[in-house]
Amino acid sequence: MSDGGPLLETVGLEKFFPITRTFGETLARRESRAIHAVDGVSITVRPRETLGLIGESGSGKTTFGWLIARLHDATGGTIRFAGEDVTHLKGRALRAWRRNVQIVFQDPVGSLDPRLRVWQIVGEPIRAQEGVHGPAVRDRVQALLPSVGLPPDCLDQYPHEFSGGGRQRLSLARALSVQPRLIVLDEPTSALDVAVQAQILNRLVELQRERGLAYVLITHNVAAVRFVADRVAVMYLGQIVEYAGVRDLLEHPVHPYTKALLAAVPVPDASRRRTRYRIGGDIPSLIDPPPGCRFAPRCPFVIDRCRLEDPPLVPFGASGRLVACHRAEEVRDISPEVLLSSASGAGGAPASPAPAPG
């Protein structure tokens with residue numbers, strides 16, 4: 001990890017998807033609302049660094065990844081890459097910039113054209129970015145395949161002839177083909193068995209060391225984050241609620257949502273499974289969310305202030321951690337097992353706000 005300036009920086013990044021409902025046959029009355037998929041996210045990624053992005057499904061992680069790869073246009077905020085504002089790049093400038101940030105999609109089956117052969121799939125970005133055609137593309141692809149663990153003699157095979165791990169390696173090779181500086185990894189191991197997951201993760205670490213890559217790793221796999229990431233951002237309903245070094249965050253979570261998220265990781269100890277904290281309550285809607293903390297309806301430490309005032313993401317402690325919680329100081333040392341004692345009901349929802357510790 002470099003001590004230089006950030007490679008990627010987002011400031012207040014937003015993506016709202018408008019919803020338009022029409023009432024009546026005359027189209028006379030309309031109501032416009034929006035889904036706040038990403039709402040004010042500010043993060044940095046340094047050269048050669050891996051940022052892990054974790055959170056429940058529907059929290060906006062993939063949308064954020066698409067935004068920084070410029071596959072979506074941002075509703076608001078700023079994206080800076082190597083100090084340059086790339087938020088509103090268009091046309092040829094955007095096309096030329098795309099080689100800097102590539103993406104490995106979650107579903108390799110859906111992202112690989114089944115009608116194309118390996119050399120065509122992996123070589124497509126080379127043709128688009130560099131104008132290289134014919135045998136030169138095949139030669140480039142053949143030289144690249146061993147770096148992702150694929151044999152160089154598979155150039156004329158189709159995606160369906162590969163296993164799940166092989167298809168994900170193809171996706172990675174395609175992302176590497178134009179020598180990017182940052183790769184967005186959207187659940188790169190979610191559909192793979194444990195042995196293949198380990199192979200892919202080891203390959204990612206080796207490629208980062210060899211090529212000086214930076215990664216944004218979007219995943220539900222906490223073990224993968226622990227193995228690969230340098231820092232971790234926890235996302236909940238479009239916002240970052242905690243942001244810290246990987247060891248600090250995974251071993252000493254502060255935000256109540258982070259504690260609950262990590263407590264949900266399966267463990268082999270049956271007695272611990274019975275005592276682990278489970279959050280309950282309804283997940284708030286992302287359609288024009290109300291003011292206040294978005295985790296408040298499910299938090300065992302909620303107070304009136306939480307329901308009225310959205311907590312900012314502010315420095316916490318001396319380790320560079322950022323936390324968005326009004327009661328961070330009070331709940332910092334409470335473990336998930338202690339949290340359970342303040343909750344009741346089938347879903348683990350609190351009967352009343354928990355008292356401050358101490």
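Bear in mind that the values here come from a model prediction, so they are computed numbers and not experimental data.
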- Task: Quick one: which residue pairs count as a ring-ring contact (aromatic ring centres under 6.0 Å, His included) with a foot in residues 100-126, not counting sequence neighbours?
- Result: Trp66-Phe105
- Report the residues that fulfil salt bridge (Lys or Arg N to Asp or Glu O under 4.0 Å) with Arg181, sequence neighbours left out, ordered by chain and then residue number. none
- Query: Do the charged groups of Asp73 and Lys90 touch, with an N to O distance under 4.0 Å?
  - Reply: yes
- Message: As a quick check of understanding, evaluate side-chain contact (heavy atoms from CB on, under 4.5 Å) for Val101 and Val184, giving each step before the final call.
- Response: CA-CA 7 Å; Val101 180; Val184 178; 4.2 Å; yes
- Please write out which residues are connected to Val109 in a hydrophobic cluster, directly or through intermediates, given that two of Ile, Leu, Val, Met, Phe, Trp, Tyr count as joined at side-chain heavy-atom separations below 4.5 angstrom. none
- Message: Applying side chain to side chain donor-acceptor pair (under 3.5 Å) to Arg174 and Gln102, what does each step give before you reach the verdict?
- Response: CA-CA 9 Å; Arg174 180 174 60 183; Gln102 293 290 300; over 6 Å; no
- Do Leu8 and Ile79 come within less than 4.5 Å of each other through their side chains, counting heavy atoms only? yes
- Considering all heavy atoms, the nearest Ala74-Thr87 contact: CB-CG2, 4.4 Å
- In terms of side-chain geometry, is the basic nitrogen of Asp39 or Arg294 positioned less than 4.0 Å from the acidic oxygen of its partner? yes
- Message: Listing request: all side chain to side chain donor-acceptor pair (under 3.5 Å) pairs with a residue in residues 123-141, at least two apart in sequence or in separate chains.
- Response: Arg99-Glu130, Glu130-Arg140, Arg138-Asp156
- Nearest heavy-atom pair of Val41 and Gly238: which atoms, and what distance? CG2-O, 3.5 Å
- same_hphob_cluster(Ile183, Leu51) at 4.5 Å side-chain heavy-atom cutoff: no
- Query: Does any donor atom in the side chain of Thr219 or Asn221 lie under 3.5 Å from an acceptor atom in the other side chain?
  - Reply: no
- Please work out whether the ring planes of Phe17 and His72 are parallel, tilted or perpendicular, with thresholds of 30° and 60°. perpendicular
- Query: Does Val38 belong to the same Ile/Leu/Val/Met/Phe/Trp/Tyr cluster as Val234, with side-chain heavy atoms less than 4.5 Å apart forming each link?
  - Reply: no
- Message: Rounded at 0.5 Å granularity, tell me how far CD1 in Ile43 sits from CE in Met235.
- Response: 10.0 Å
- What is the minimum heavy-atom distance between Pro180 and Asn100, and which atoms define it? CB-O, 3.6 Å
- Message: Can you give me the closest heavy-atom contact between Val254 and Lys259, atom names plus distance?
- Response: O-CE, 3.2 Å
- Message: Could you measure the distance from the CG atom of Leu207 to the CG atom of Leu172? Nearest 0.5 Å is fine.
- Response: 6.0 Å
- Indicate whether any N or O donor in one side chain lies under 3.5 Å from an N or O acceptor in the other, for Thr62 and Gln106. no
- Could you name each residue pair satisfying side chain to side chain donor-acceptor pair (under 3.5 Å) that touches residues 309-318, not counting sequence neighbours? Gln239-Asp310, Arg305-Glu309
- Query: What residues form a salt bridge (Lys or Arg N to Asp or Glu O under 4.0 Å) with Arg80, not counting sequence neighbours?
  - Reply: Glu9
- Query: Can you pull the ring-ring contact (aromatic ring centres under 6.0 Å, His included) pairs that have at least one residue in residues 200-230, sequence neighbours excluded?
  - Reply: none
- Taking only residues two or more places apart in sequence or in another chain, which ones pass side chain to side chain donor-acceptor pair (under 3.5 Å) with Thr258? Glu242
- Got a sec, which pairs hit salt bridge (Lys or Arg N to Asp or Glu O under 4.0 Å) with one end in residues 205-220, sequence neighbours left out? Arg203-Glu206, Arg203-Glu210
Anything under 3.5 Å between a donor and an acceptor, one on a side chain of residues 189-196, the other on a protein residue two or more places apart or in another chain? List them.
unit_1	atom_1	unit_2	atom_2	d
Ser190	OG	Glu187	O	3.4
Asp193	OD1	Ala195	N	3.2
Asp193	OD1	Val196	N	2.9

- Which pairs pass salt bridge (Lys or Arg N to Asp or Glu O under 4.0 Å) with one or both residues in residues 55-64, sequence neighbours excluded? Glu56-Arg298
- For Gln120 and Arg115, does a side-chain donor sit closer than 3.5 Å to a side-chain acceptor? no
- Compare every heavy atom of Trp97 with every heavy atom of Ala69, then report the nearest pair and how far apart it is. O-CZ3, 4.1 Å
- Query: What are the two closest heavy atoms between Ala328 and Val323, and how far apart are they?
  - Reply: CB-CG1, 4.0 Å
- Got a sec, which pairs hit ring-ring contact (aromatic ring centres under 6.0 Å, His included) with one end in residues 151-172, sequence neighbours left out? none
